[in-house]
Visitor: 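I have a structure I would like to understand better, so I am pasting it below and will then ask my questions one at a time.
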Amino acid sequence: FCYGRLAVRPLTGIASGLAASLRGSLIHDALRNLYSERPARPDIASWDQEQRRKRIDAALRTVFGNHERYADPVLRELLQIERQRDASLLQAVVELDVAREPFSILDVEAALEAEIEGLRLSLRIDRIDQLDDGGLVILDYKTGSRKAFRSRDGLPDDMQLVVYALAVSEPVAGLGLINVDSRAVDLNGAGTAVTPDLGWSETLADWQ
């Protein structure tokens, strides 16, 4: 009753600097802005360093501007430091995407409705890429400590992406977590589009 009807939640612990939830939200929103035009990999690869810088600055400007407008001097300084950090992280994401196999970004912040065993779910997928053969790669940004998609037993550590795969109608060629953090920016996942994975269709069906 307290949780569901009254929406009571534990108080967030006091942390130095910006809250982790805010830092994650800033990164997610900036990446959505950066790829809002849904470029293909060749388009991203064609951006020179100056174009990358301008696009990243534009992606960050709107996101941080909303917070800086009402910030006191201390918070404004913290946001400026975070903005510099996020600029380098977005640059690393661009470099990661350029190094991947050809793809085009089909959607960002995709809103989908799904019904699983009678349970209706409203989902929001960070990003969906489409390969040249039509297969989809469903990606989720992780902004905390580095996370692996599979646990040691080979099963997904979190079924979130598997649920997303159930919600889309096209064949899914891969599921992946894009870790976006100062300690690591990498893609960790499963499927033929992410890593050599024989019997991927059967594996995904079994998880589902």
Side-chain angles (χ1 to χ4, degrees), residues 1-33 35-36 59-60 62-72 74-76 78-79 81-83 85-86 89 106-128 136-170 172 174-184 187-191 203-208:
F1 177 82
C2 288
Y3 188 90
R5 296 292 292 275
L6 300 182
V8 173
R9 300 292 185 271
L11 292 175
T12 302
I14 297 175
S16 60
L18 301 178
S21 58
L22 175 57
R23 296 171 73 186
S25 177
L26 291 169
I27 284 286
H28 275 80
D29 292 346
L31 285 167
R32 179 197 64 216
N33 290 348
Y35 287 148
S36 61
L60 293 168
T62 301
V63 174
F64 278 81
N66 295 331
H67 295 277
E68 292 169 346
R69 188 174 298 114
Y70 304 106
D72 61 30
V74 173
L75 179 56
R76 190 174 294 112
L78 289 172
L79 287 169
I81 295 172
E82 182 65 18
R83 187 168 179 168
R85 186 184 83 97
D86 291 357
L89 292 177
L106 185 65
D107 210 344
V108 292
E109 295 287 339
L112 296 176
E113 298 289 331
E115 182 170 335
I116 301 174
E117 297 295 329
L119 178 65
R120 292 202 58 80
L121 301 173
S122 296
L123 308 173
R124 186 169 296 277
I125 303 175
D126 285 346
R127 179 171 148 190
I128 303 175
L136 303 183
V137 181
I138 300 176
L139 300 170
D140 191 62
Y141 297 123
K142 296 299 182 185
T143 56
S145 58
R146 185 181 184 278
K147 296 177 177 63
F149 175 69
R150 293 193 190 192
S151 58
R152 291 182 178 179
D153 59 8
L155 296 174
D157 197 41
D158 186 334
M159 282 291 174
Q160 177 184 5
L161 289 174
V162 178
V163 173
Y164 290 167
L166 279 167
V168 300
S169 54
E170 293 85 353
V172 174
L175 305 174
L177 305 176
I178 296 184
N179 290 293
V180 187
D181 187 76
S182 301
R183 292 159 289 190
L187 172 59
N188 188 280
T203 300
L204 178 59
D206 183 55
W207 292 345
Q208 292 173 335

Visitor: Got more than 12 heavy atoms from elsewhere within 6.0 Å of CZ, Arg152?
Guide: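 No, the 6.0 Å shell around CZ holds no more than 12 heavy atoms from other groups.
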Visitor: Between Asp86 and Arg83, does any NZ, NE, NH1 or NH2 come within less than 4.0 Å of an OD or OE carboxylate oxygen?
Guide: no
Visitor: Considering non-hydrogen atoms only, spot the tightest contact between Ala59 and Asn33 and give its length.
Guide: O-ND2, 3.1 Å
Visitor: How far does OG of Ser21 sit from CG of Leu26, to the nearest 0.5 angstrom?
Guide: 9.5 Å
Visitor: Who pairs with Arg127 by salt bridge (Lys or Arg N to Asp or Glu O under 4.0 Å), at least two apart in sequence or on another chain?
Guide: Asp97, Asp129
Visitor: Which heavy atom of Trp207 sits nearest a heavy atom of Leu155, and at what distance?
Guide: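 In this case the closest contact between Trp207 and Leu155 is NE1-CD2, 3.6 Å.
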Visitor: Is there a donor-acceptor pair closer than 3.5 Å between any side-chain N or O of His28 and the backbone N or O of Asp126?
Guide: no
Visitor: What pair of heavy atoms forms the shortest contact from Arg124 to Ala111, and how long is it?
Guide: NH2-CB, 4.0 Å
Visitor: Is the shortest side-chain heavy-atom distance between Asp29 and Thr62 below 4.5 Å?
Guide: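 Asp29 vs Thr62: side chains apart.
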Visitor: Before giving the answer on side chain to side chain contact (heavy atoms under 4.5 Å, CB included), spell out for Tyr141 and Leu31 the whole-Å C-alpha distance, their side-chain angles and the decisive distance to 0.1 Å.
Guide: CA-CA 9 Å; Tyr141 297 123; Leu31 285 167; 3.7 Å; yes
Visitor: Looking at CG of Leu139 and CG of Leu187, how far apart are the two atoms once the value is rounded to the nearest 0.5 Å?
Guide: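 Result: 6.0 Å between the selected atoms.
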Visitor: Of the non-hydrogen atoms in Ala165 and Leu204, which two are nearest, and what is the gap between them?
Guide: CB-CD1, 4.2 Å
Visitor: For Lys147 and Asn179, which heavy atoms make the closest approach, and how far apart are they?
Guide: N-OD1, 2.9 Å
Visitor: Within the structure provided, determine whether Leu18 and Leu75 are in side-chain contact (heavy-atom separation under 4.5 Å).
Guide: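 They are in side-chain contact.
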Visitor: Between Arg183 and Arg146, does a side chain to side chain contact (heavy atoms under 4.5 Å, CB included) hold up when you go through it step by step?
Guide: CA-CA 8 Å; Arg183 292 159 289 190; Arg146 185 181 184 278; over 6 Å; no
Visitor: Taking atom CD1 of Ile116 and atom CG of Leu123, what is their separation to the nearest 0.5 Å?
Guide: 7.0 Å
Visitor: Sequence neighbours left out, what passes side-chain hydrogen bond (donor to acceptor under 3.5 Å, both in side chains) with Ser182? Give chain and number order.
Guide: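 Listed in chain order: Arg85.
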Visitor: Report yes or no: does Arg120 contribute a side-chain atom to a donor-acceptor pair with the main-chain N or O of Ala114 at less than 3.5 Å?
Guide: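 Checked: no pair found.
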Visitor: Working to the nearest 0.5 Å, report the span between CG of Leu136 and CG of Leu106.
Guide: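 Here the rounded value is 6.5 Å.
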Visitor: Can you measure from CD (Gln160) to CD1 (Ile138) and round to the nearest 0.5 angstrom?
Guide: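 Here the interatomic distance stands at 10.5 Å.
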Visitor: Once you round to the nearest 0.5 Å, how far does CG of Leu22 lie from CG of Leu78?
Guide: 10.0 Å
Visitor: Of all heavy-atom pairs between Gly154 and Arg150, which one has the smallest distance, and what is that distance?
Guide: O-CD, 3.1 Å
Visitor: For a side-chain contact (heavy atoms from CB on, under 4.5 Å) with Asp140, tell me which candidate from Leu175, Asp158, Leu177, Ile125 qualifies.
Guide: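 Only one of Leu175, Asp158, Leu177, Ile125 forms a side-chain contact (heavy atoms from CB on, under 4.5 Å) with Asp140, namely Leu177.
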Visitor: Not counting sequence neighbours, which residues clear side-chain hydrogen bond (donor to acceptor under 3.5 Å, both in side chains) with Asn188? List them please.
Guide: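 Here no residue qualifies.
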Visitor: Can Arg76 and Glu68 be counted as an ion pair, charged N to O under 4.0 angstrom?
Guide: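 Salt bridge between Arg76 and Glu68, a charged N being under 4.0 Å from a carboxylate O: no.
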Visitor: Within a 6.0 Å radius of atom CZ on Arg5, are there more than 12 heavy atoms belonging to other residues, nucleotides or ligands?
Guide: no
